[in-house]
Each structure stands twice: as C-alpha cells, then as structure tokens.
There are 2 protein chains.
Amino acid sequence: MATIIDVAKAAGVSKSTVSRVVSGNGYVSKESREKVLKAMADTGYIPNALARHFQSGETKTIGFLAQGYFDTLGVFLETFTQIARNYGYFIHLYFTGGDKQKELDALNLMKYKQIDGVFILTRSNDWETIAAYSMYGPIATWHRIDSPNIYSSYVDHYDGYVMSLNYLYDCGYRKIGHILGSAKNLNTQARLQAIDDFYREKKLALADAWVSTNSNFERSGQVIAKQWAEQDERCDALAFFSDDIAAQFMSSLQLLGYSVPDDVAVIGFDNSRLSELMHLTTVEYSLDKQAVNSFIYIYNALNDKKIPEEPLAVRLVKRLTVQEDFRGHA
Amino acid sequence: MATIIDVAKAAGVSKSTVSRVVSGNGYVSKESREKVLKAMADTGYIPNALARHFQSGETKTIGFLAQGYFDTLGVFLETFTQIARNYGYFIHLYFTGGDKQKELDALNLMKYKQIDGVFILTRSNDWETIAAYSMYGPIATWHRIDSPNIYSSYVDHYDGYVMSLNYLYDCGYRKIGHILGSAKNLNTQARLQAIDDFYREKKLALADAWVSTNSNFERSGQVIAKQWAEQDERCDALAFFSDDIAAQFMSSLQLLGYSVPDDVAVIGFDNSRLSELMHLTTVEYSLDKQAVNSFIYIYNALNDKKIPEEPLAVRLVKRLTVQEDFRGHA
DNA sequence: CTGTTAGCGCATTCAG
DNA sequence: CTGAATGCGCTAACAG
C-alpha cells in the first residue's frame with residue numbers, strides 16, 4: 001500500500017507538497033502538481049482515511065439512532081443518508097431495541113470520537129438525559145421537543161390534524177374518534193388542542209367524542225379495532241396519529257368482519273408507503289425535508305456554517321378510506 | 001480530553017503500562033493495574049477510538065449496501081446491526097439509488113480503510129465487477145450467486161416454491177399463475193425447475209400455465225393486476241416470488257374491483273411485515289439467519305475465526321389469501 | 001511556492 | 001513485570 005512518502009519520492013518532492021495537492025489546501029505550482037498527480041497514478045496511491053481522521057479528530061460520520069425498524073424509518077433513513085453523502089458524511093446505524101443503556105452507549109460514541117454527531121429517530125431515555133450528551137457533539141431529532149441543546153426539525157401537527165378533521169367534517173362525518181400517541185408528546189398536545197378548537201368551531205359536543213391517547217404500543221391497532229367493534233354507538237370515522245397504527249387497525253378490522261370505509265372511515269398520518277398500498281387517506285408532512293433539516297443542523301454545527309433549512313409543508317392525500325359523500329350510517 | 005499520557009502521569013507509571021491494562025495485552029502487576037484503573041477514573045480517561053483504528057488499521061465497521069429502502073431491508077438491517085454489535089462491529093450504511101458508480105465508491109471504501117468488509121443487500125453492478133473488490137476485504141450477500149470471491153447466505157427457493165405449489169394444489173387450485181423475478185437470478189431458475197417438476201408430477205399441462213418472469217420492477221404489481229384482469233381464462237391462483245409485489249398486486253386488484261381470495265388466490269414469499277398486515281399467505285425462509293450467516297462469514301474472514309453458521313429453514317405461513325377448500329370458480 | 005519539523009494517541013517492540 | 005523508544009500516515013506551523 002503506497003503512502004504519501006512513496007508518492008513524494010516518486011515525484012521528487014516533499015510529502016507536504018503531496019499533502020497539499022491531495023487536500024487542496026495551500027499553494028502548489030503547476031509543475032509540482034502535475035508531477036505529484038502522475039506519481040499518485042503511478043504508485044496507485046490512496047489516502048488512508050484512518051490517518052486523516054486521526055489527524056483531524058473528525059470521523060465524518062453521523063450516528064443514526066432508532067429503537068428498531070418501522071415503516072417511516074425507511075424514508076427517513078434514505079433521505080438522511082443521501083444528503084449526508086452529498087456533504088461528505090457517512091451514516092453509522094444503531095438499533096437500541098428500546099434498551100436505555102444501548103442508547104447511552106451510542107451517544108457515548110461521540111465522546112470516543114467514533115461519530116461526530118447524532119440524529120435520533122426514536123429514543124429510549126428522557127430527553128433531558130440525552131441532552132446532556134450535546135456537550136460532545138450536535139444532536140438532532142424530528143420529534144417535537146423543547147430543549148436548548150437538541151435541535152428539532154418538527155412539523156406542527158396542529159395544522160395537519162385540523163386539515164384531517166375539516167375534511168372528515170366536509171365529507172359528512174360527525175362521530176369522529178381520535179387515536180393519539182403518547183400523552184407527553186408535544187404533537188399529541190397539539191392534536192388535543194386542535195380537537196378542542198375543532199369541536200368549538202363546529203359546535204359539536206366534545207364530550208361525546210372518543211379520544212384515545214397512548215395508542216403507540218406494539219399492537220395498539222388490534223386493540224383499537226376491538227374497542228371500536230364493542231362500542232355501543234360506533235364512530236363513523238377514526239383519525240389516527242400514524243399510518244402504521246391505522247394500517248394495523250384496518251387489518252384487524254377486516255378479521256373482525258368489518259370493512260373500511262363502509263363501516264368506518266379511516267384517516268392516517270405520515271403518507272407512508274404502507275398507506276399507499278392500503279389506499280389509506282392520510283396527511284403528508286414532508287418527512288424527507290425534516291430529515292434534510294436535521295442533517296443541515298448537524299452539519300452547520302460541525303463545520304461552523306450557516307446553510308439555510310428547507311421550509312416544511314403539510315398536505316392532505318386523498319385515497320379510498322374516507323367516503324366523500326358520507327350521509328350517515330343506516 | 002485526557003490522553004494515555006495524563007493517565008500515566010497520574011498513576012505514576014509509563015504509558016506502556018496504561019496501554020497494557022486498557023487493551024488487556026501483556027502482563028501487569030496487580031498494584032500497577034489498580035493504580036492505573038484509579039487514575040483512569042480520576043482523569044475521566046476515554047481511549048481515542050480514532051487513534052486505535054489508525055494504529056490497528058481496522059475500523060471495526062462493516063458496510064451495508066443497498067439500492068434503496070424496501071420492506072425486507074428493515075428486517076435484514078435490524079438483525080445484521082444487532083449481531084454486528086454483539087461482535088463489536090459497527091454498521092456503515094449506503095444507499096446507491098441504483099447508481100453503479102456510487103456502488104463502486106462504497107466498495108472502494110475498503111481500499112481507503114474506511115470499512116473492513118461489505119454486505120450487499122441489493123446491487124447495481126455485475127457480480128463479476130463486484131467480486132474484483134474482494135481483494136480489499138470480505139464481501140457477502142444473501143443473493144444466490146455462484147462466485148468463489150463472494151459469500152452467499154442464500155436459501156434455495158426450490159423447496160419453498162414446491163411447498164407453495166403443493167399447498168395450492170391441495171386446496172383445489174389447478175389454474176396457477178407464476179410471477180417470477182429476474183430471469184438471470186438463480187432463484188428464478190430454481191423456481192422454473194420447481195414448476196417443471198410440479199406439473200410433471202401432478203400431470204398438469206405446463207403449456208397452459210401463465211409464467212411471467214422479470215416482474216421485479218417498480219410497478220410490476222400493477223401491471224400484473226391489469227394483465228390478470230384482461231386474461232380470457234383467468235388463473236385461480238397466483239404464486240409470487242415476493243410479498244412486496246404480491247401486495248402491490250392485491251392493492252391494484254382492489255382498485256379494479258376484484259377481491260382476494262374470492263376472485264383469485266395469492267401466495268407470496270418472504271413473510272414480510274407487509275404480508276402480515278395484508279393477511280397474505282406466504283413462505284418464510286429465515287431471513288434473519290441469512291443476515292446472521294453473512295455477518296459471521298465476514299467476521300470469520302476478518303478475524304481468522306471459524307464460528308459456525310446457523311442452519312436455514314423454510315416454512316409455509318397460512319393466512320387469508322388462499323381458500324383451503326377451493327372447488328373451482330362458478 | 002516548498003521543504004523541514006513536530007506531533008496527533010496509541011500499541012508494540014526491545015531492553016532491562 | 002515495566003519503561004523508553006519507535007512509528008503508523010498525515011497535516012500544519014514555520015522558516016526559508
């Protein structure tokens with residue numbers, strides 16, 4: 001394996017000069033540059049990335065942290081990896097499986113100089129605990145949180161949810177059920193607010209509404225299907241905080257002998273690939289741009305740059321799980 | 001940031017001794033070890049991974065290469081990442097987007113000492129082209145290929161496919177359509193052989209069978225749905241080489257106004273999460289173990305070990321897209 | 001514009 | 001058992 005010294009000898013210059021042409025830093029005369037270039041080709045020289053990293057103290061690598069695989073992870077991972085490569089960064093992947101210690105281990109890698117920064121897709125520890133690690137490198141997430149030390153490329157779910165509800169209302173639905181995620185989640189709180197405002201504006205009785213929070217566990221779709229089927233007065237429509245859970249719900253409902261949208265309308269959230277396959281009406285909120293913005297934040301922090309972020313937008317994706325001319329069940 | 005020298009000073013020993021206790025190589029007296037351990041704790045010493053990598057010439061990182069995201073990737077990635085961590089390796093992720101050059105760039109990282117080995121989930125270049133890079137480090141894939149330089153943790157799809165076909169036959173289906181992947185793929189060839197043997201054994205007229213190869217493009221599920229609907233004499237059942245395409249097919253069929261399994265039975269292959277959600281009868285063939293075996297191969301090659309691989313198995317997963325008592329369409 | 005020099009932090013000789 | 005010395009490959013400061 002040829003090193004910088006071999007090239008220097010072959011070109012008849014010093015290794016500093018070779019280093020200069022390789023890295024592009026500093027002035028090099030045309031003749032020297034050409035001699036070096038030729039010597040590099042002759043010797044088949046390849047800069048040793050390990051040595052460069054060691055020298056610079058940077059790994060040009062960003063950790064991507066998640067508990068485990070789920071549908072949305074794919075989109076995110078793909079976009080994030082893409083943009084990172086464009087800026088010369090690599091992605092190191094970690095699945096914690098929900099293990100707090102493993103998550104901390106991953107965060108610790110910033111201390112150990114194995115990664116330069118971290119993006120968190122799904123976490124296990126408290127945000128406070130995580131935030132403490134920001135002293136070792138930038139941390140970003142797409143979750144909506146409020147911390148001075150963790151960047152959040154969130155989208156306010158309030159607007160998207162109001163959009164969903166108005167759409168259901170305009171289609172004729174009045175008995176709407178709301179399936180929400182973790183009660184502590186800021187987006188859940190935004191949804192709660194949206195529900196409040198919506199019922200007030202439409203002068204509907206909020207007390208009658210079925211609102212289910214913390215439906216973000218493994219099999220919650222199944223559970224909700226069962227609950228819905230056992231209701232005395234069933235909802236006409238269900239608005240979900242996630243396509244994934246909505247898909248589980250529809251899947252389970254089918255087994256119970258009901259069908260969507262004939263027996264109940266369903267609207268999801270995410271516009272995941274799953275939703276496309278299952279014809280699920282949903283809300284798209286530029287996941288990809290959230291990934292981009294998170295990366296840009298990390299990149300800016302690491303390189304002292306100020307690349308601007310991308311604007312985010314919310315959009316309703318109409319498919320087949322909501323009837324546009326619903327006039328009430330017989 | 002404390003270095004090995006700081007620890008040495010604090011402990012009153014040389015840095016060699018510190019190195020010895022940290023790495024565990026060589027003899028160190030009990031007293032020295034304790035002094036060092038205390039000094040490490042006092043100074044908050046953390047070995048610099050960059051320096052160690054530089055020193056050893058290893059990155060303890062394996063590249064995971066794919067064109068882009070798809071359902072099965074999730075399972076694979078999760079298992080692969082898991083086992084890698086257990087053996088002290090990290091996963092570097094690359095999406096090529098089908099770009100041949102980007103794939104080569106990723107392979108080149110082995111030369112550049114940025115990764116120690118590579119696992120390929122979906123490729124863009126010819127296997128021959130890829131095999132040339134095995135001189136820089138071990139390469140493994142789950143694809144069924146025959147190359148002395150690339151390890152393959154494949155499962156012979158022959159058995160699984162015969163299992164599918166026999167199941168359909170036993171349920172009463174006679175007009176079976178076969179949707180296969182790339183004609184060059186060895187598994188496709190195994191399926192073709194399975195079809196041949198099956199029709200011969202059951203004394204069915206092979207000439208009548210609908211066999212569609214190269215159905216592995218972006219929207220092939222939609223195309224097949226259309227073709228099926230336009231057939232003069234429609235198949236009773238369709239056997240797919242992949243859950244993903246089968247799911248697309250069912251999804252499209254629904255839009256065309258047909259239903260599964262009433263109008264046509266469908267059997268997939270992979271037992272992906274998607275198949276579970278869509279109640280798709282399918283074949284499971286221990287994807288996770290393929291991931292494990294691929295990693296083990298890479299690990300063994302890198303560390304000159306001989307850890308044994310895991311045995312693979314094939315299993316039919318009965319769900320709702322095949323009627324068990326099918327007696328022919330009216 | 002270019003060569004010389006001095007480390008980056010660690011593991012590994014080699015003596016003792 | 002331990003310390004001193006050496007070098008991995010590269011970059012950056014400095015002096016020309």
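For A:Phe76 and A:Trp142, the ring centers sit closer than 6.0 Å to each other.
Between B:Ser14 and the phosphate of D:dA4, there is no side-chain N or O to OP1/OP2 separation shorter than 4.0 Å. Taking only side-chain nitrogens and oxygens, A:Asn25 never comes nearer than 4.0 Å to OP1 or OP2 of D:dT11. OP1 or OP2 of D:dG3 has at least one side-chain nitrogen or oxygen of B:Thr17 nearer than 4.0 Å. B:Ser29 has a side-chain polar atom (N or O) that falls below the 4.0 Å cut-off from OP1 or OP2 of D:dT2. In terms of phosphate contacts, A:Ser32 brings a side-chain nitrogen or oxygen within less than 4.0 Å of OP1 or OP2 of C:dT2. B:Arg52 has a side-chain polar atom (N or O) that falls below the 4.0 Å cut-off from OP1 or OP2 of C:dA11.
Inspection of the A:Tyr94 and A:Gln67 side chains reveals no N or O donor paired with an N or O acceptor under 3.5 Å.
Considering CG of A:Asn48 and CZ of A:Phe54, their distance stands at 11.5 Å, rounded to 0.5 Å. Summarising the geometry, atom CG belonging to B:Asn25 is positioned 10.0 Å from atom CZ belonging to B:Arg20; distances are rounded to the nearest 0.5 Å.
Which of D:dA4, D:dT11, D:dA13 sits closest to the side chain of B:Ser16 comes down to D:dA4.
Atom CD of A:Glu58 is separated from atom P of D:dA12 by 11 Å (rounded to the nearest Å). For B:Lys9 and D:dG3, the NZ to C1' distance is 16 Å, given to the nearest whole Å.
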Under 3.5 Å between N/O atoms: give me all the protein pairs with nucleotides 6-9 of chain D, atom names plus distance.
residue, atom, partner, partner atom, Å
D:dG7, N2, B:Gln55, NE2, 2.9

